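Take a look at the structure set out below.
Here the structure is a predicted model, which is why all the values come from computation and not from measurement.
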Amino acid sequence: MELTKFRSFHSFKVFLFGLCVIILFPELVVCRTRHYTFNIEYKNVTRLCHTRTILSVNGKFPGPRLVAREGDRVLVKVVNHISNNVTIHWHGIRQKTTGWSDGPAYVTQCPIQTNQTYTYNFTITGQRGTLFWHAHISWLRATLYGPIIILPKHNESYPFQKPHKEIPILFGEWFNVDPEAVINQALQTGGGPNVSDAYTINGLPGPFYNCSSKDTFKLKVKPNKTYLLRIINAALNEELFFSIANHTLIVVEADARYTKPFNTNTLLITPGQTTNVLLKTKPDFPNTNFLMIARPYITGLGTFDNSTPAGILHYKQHNSSIKNLRFLKPTLPSLNDTNFVSNFTKKFRSLANSKFPINVPKKVDKKFFFTVGLGTFPCPKNSTCQGPNNNTKFAASVNNFSFVLPSVSIMQAYYFGKSNSNGVYKTDFPETPLNPFNYTGTSPNNTMVNNDTKLVVLNFNTSVELVLQDTSILGAESHPLHLHGYDFFVVGQGFGNYDANKDPAKFNLVDPVERNTVGVPAGGWVAIRFFADNPGVWFMHCHLDIHTSWGLRMAWLVLDGPDSNQKLQPPPSDLPKC
């Protein structure tokens, strides 16, 4: 049977309430509507001997798991009980034609105000694995985050050994003060922000921090078993290495896309990325505890939190005690080991088989070249600023434009204005830098950036190639770029300046990894391709939150396609107002 296409969001919700069963001979496909309620509320939490009031979902830190199967429809009613405005982003969910549920404040929606509610409504299509949800306004995601676990469809299995158990591992950052005060102070002074006081593993810093021996995540395992670790980097501002002492990890999925399996002792995971790995435990009880350790990967010139979160991998047996066993500690790469990172990221390849095929754009309709990096703003008159030089403020940009968020929703302005943006945004974002220079060479004297709200407009189903080029302005630095509403193929990467004449010959168009967040190499470039098959307004930004706050962000406006299922759905009746 074929689902009737409803124009009304409300009718769609009523129609799909409960279970829906579609019989497609010879198999039975079961889709389900899953309902969640997320109460945004205050919670007192103590870490590092500091107690402070944090923002939480349903009183949990980290937040609750959202579990669904591929093909399920998910409805999450978000109720705002706090004084801050809030939105929730379902990071990595494709949101085909449901951009109103994507979540970035002032891009696809106005924020949910105090004592207001909004129901996010989306279907999980063609994705399975691990993603995560987080707040998407200012720095509220410091504590408002949690895992999204997408199981395969009923009667479908993993393309790897079925694990004995599945465990989410979420990295975060802990501040002894309110993170909102940190970013507000940084934006006011124009200087770099104060760094976090600890990294956390599932909300716990671990034994290397003050007052934290009891606040340590412990993963208890049995010998000769296979565990699936669903690893998520929800940290605000740092890419992280991760390793478990004396154990090999098998990478099997990235950003909810299966990959060709490969072994590694150490992971690199940027904020916004997820990685599923298999952990095969030892055949016998080893009488040893194994430390699970993370540390930052640092490429920029600014200050950073150089501390070490740790958890414990403990083989559980009768009468065994963690305290009585010796501890083994893993060896991690150096803080700025760009060679390890480059070699590691190149190992990711799509599974790309008959059951899980990929559709890489071979022919490209539109090519874009975006520089990403830091810059400066002039200090306001009669003010003193603490930016990088000559009384300036730190800034960040894409093609030298620092994106300004409006005070209303861009997508609402587009939807109701169509041909007229009502002055909310412009549609002339440059396809290439307006003033080319030696991007990874000597920095130009003028580091000032422009402020504006510019979008790129794409016709439906345009095949896009985008080269993201890091710059050396105020220091070369790795930038994890996240594109909302899409997965894209990482077809190439390299160090130095991108060469449009030579580098495309080395592109991988056979089995490139498919991701929603990719690290632009420090002092290098990365090339991605995708089909613009999802209408709406889609945010793209660095997932280091300080860079996003400084303006390293832009948006794509993808126009409707000709068919009814290729058009942005009408906005729901409870869409928040600004």
Side-chain angles (χ1 to χ4, degrees), residues 138-139 141-142 171-199 233-241 268-272 294-309 333-338 341 371-379 384-398 400 402-403 439-440 442-444 447-449 468-482 517 519-524 541-553:
S138 191
W139 280 20
R141 77 175 184 89
F171 300 125
E173 286 184 78
W174 172 263
F175 292 80
N176 285 334
V177 298
D178 182 2
E180 288 301 279
V182 173
I183 182 54
N184 289 339
Q185 180 187 42
L187 293 177
Q188 181 178 1
T189 65
N194 293 330
V195 301
S196 58
D197 294 285
Y199 301 105
N233 188 349
L236 282 185
N237 290 311
E238 302 298 350
E239 303 179 55
L240 295 169
F241 296 114
L268 183 280
I269 184 166
T270 78
R295 74 179 297 181
Y297 166 54
I298 301 298
T299 54
L301 302 178
T303 57
F304 61 94
D305 179 357
N306 190 18
S307 61
T308 305
S334 61
L335 287 169
N336 61 349
D337 194 340
T338 55
V341 172
T371 56
V372 293
L374 303 186
T376 54
F377 291 139
C379 192
T384 301
C385 294
Q386 300 171 9
N389 49 51
N390 297 329
N391 205 26
T392 59
K393 302 180 80 168
F394 271 109
S397 68
V398 182
N400 210 48
S402 184
F403 192 82
Y439 306 114
T440 56
T442 303
S443 178
T447 61
M448 293 292 177
V449 304
L468 295 159
Q469 171 75 60
D470 182 38
T471 77
S472 58
I473 297 176
L474 302 180
E477 188 167 359
S478 175
H479 298 281
L481 262 289
H482 172 51
T517 304
V520 180
H541 60 94
C542 183
H543 222 278
L544 306 179
D545 274 30
I546 184 57
H547 292 176
T548 303
S549 299
W550 284 341
L552 208 167
R553 53 196 182 188

Is there a side-chain contact between [X] and [Y] (heavy atoms, below 4.5 Å)?
X	Y	value
V195	F175	no
P378	M448	yes
T471	V372	no
T392	C379	no
L552	H479	yes
S478	V341	no
L335	R295	yes

Exercise: identify the closest heavy-atom pair between [X] and [Y]:
X	Y	result
S334	F241	O-CE1, 3.4 Å
P480	L544	CD-CG, 3.6 Å
S307	P296	O-CD, 3.8 Å
K393	L187	NZ-O, 2.9 Å
W139	E180	N-OE2, 3.0 Å
I269	N233	O-ND2, 2.8 Å

Are the side chain of [X] and the backbone N or O of [Y] linked by a donor-acceptor pair below 3.5 Å?
X	Y	result
T548	C542	yes
N194	V182	no
Q469	G524	yes
E173	L236	yes

Which value, rounded to the nearest 0.5 Å, describes the distance between [X] atom [atom1] and [Y] atom [atom2]?
X	Y	atom1	atom2	value
I298	E239	CD1	CD	8.5 Å
N391	T376	CG	OG1	11.5 Å
L301	E477	CG	CD	7.5 Å
Y439	S472	OH	OG	11.5 Å
C385	Q188	SG	CD	9.5 Å
Y297	E238	OH	CD	12.0 Å

query: Can you find a side-chain donor-acceptor pair between H541 and H482 that sits under 3.5 Å?
result: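 Looking only at side-chain atoms, H482 and H541 do not form any donor-acceptor pair under 3.5 Å.
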Self-check item: side chain to side chain contact (heavy atoms under 4.5 Å, CB included) between D470 and T440, intermediate numbers included
Solution: CA-CA 7 Å; D470 182 38; T440 56; 5.6 Å; no
Notebook entry, point to check: Does the side chain to side chain contact (heavy atoms under 4.5 Å, CB included) test come out yes or no for L240 and L268, once each step is laid out?
Noted result: CA-CA 6 Å; L240 295 169; L268 183 280; 5.9 Å; no
- Passes side chain to side chain contact (heavy atoms under 4.5 Å, CB included), D545 versus R141? Steps please. CA-CA 9 Å; D545 274 30; R141 77 175 184 89; 3.0 Å; yes
CA sep, side-chain torsions, deciding dist, call: S397, W550, side chain to side chain donor-acceptor pair (under 3.5 Å):
CA-CA 8 Å; S397 68; W550 284 341; over 6 Å; no
Before you tell me yes or no, could you show the steps for R553 and V398 under side chain to side chain contact (heavy atoms under 4.5 Å, CB included), namely the whole-Å CA-CA distance, both residues' side-chain angles and the distance that decides it to 0.1 Å?
CA-CA 7 Å; R553 53 196 182 188; V398 182; 5.9 Å; no
Fill in: Pair D305-S196, side chain to side chain donor-acceptor pair (under 3.5 Å): steps then yes or no
CA-CA 6 Å; D305 179 357; S196 58; 2.8 Å; yes
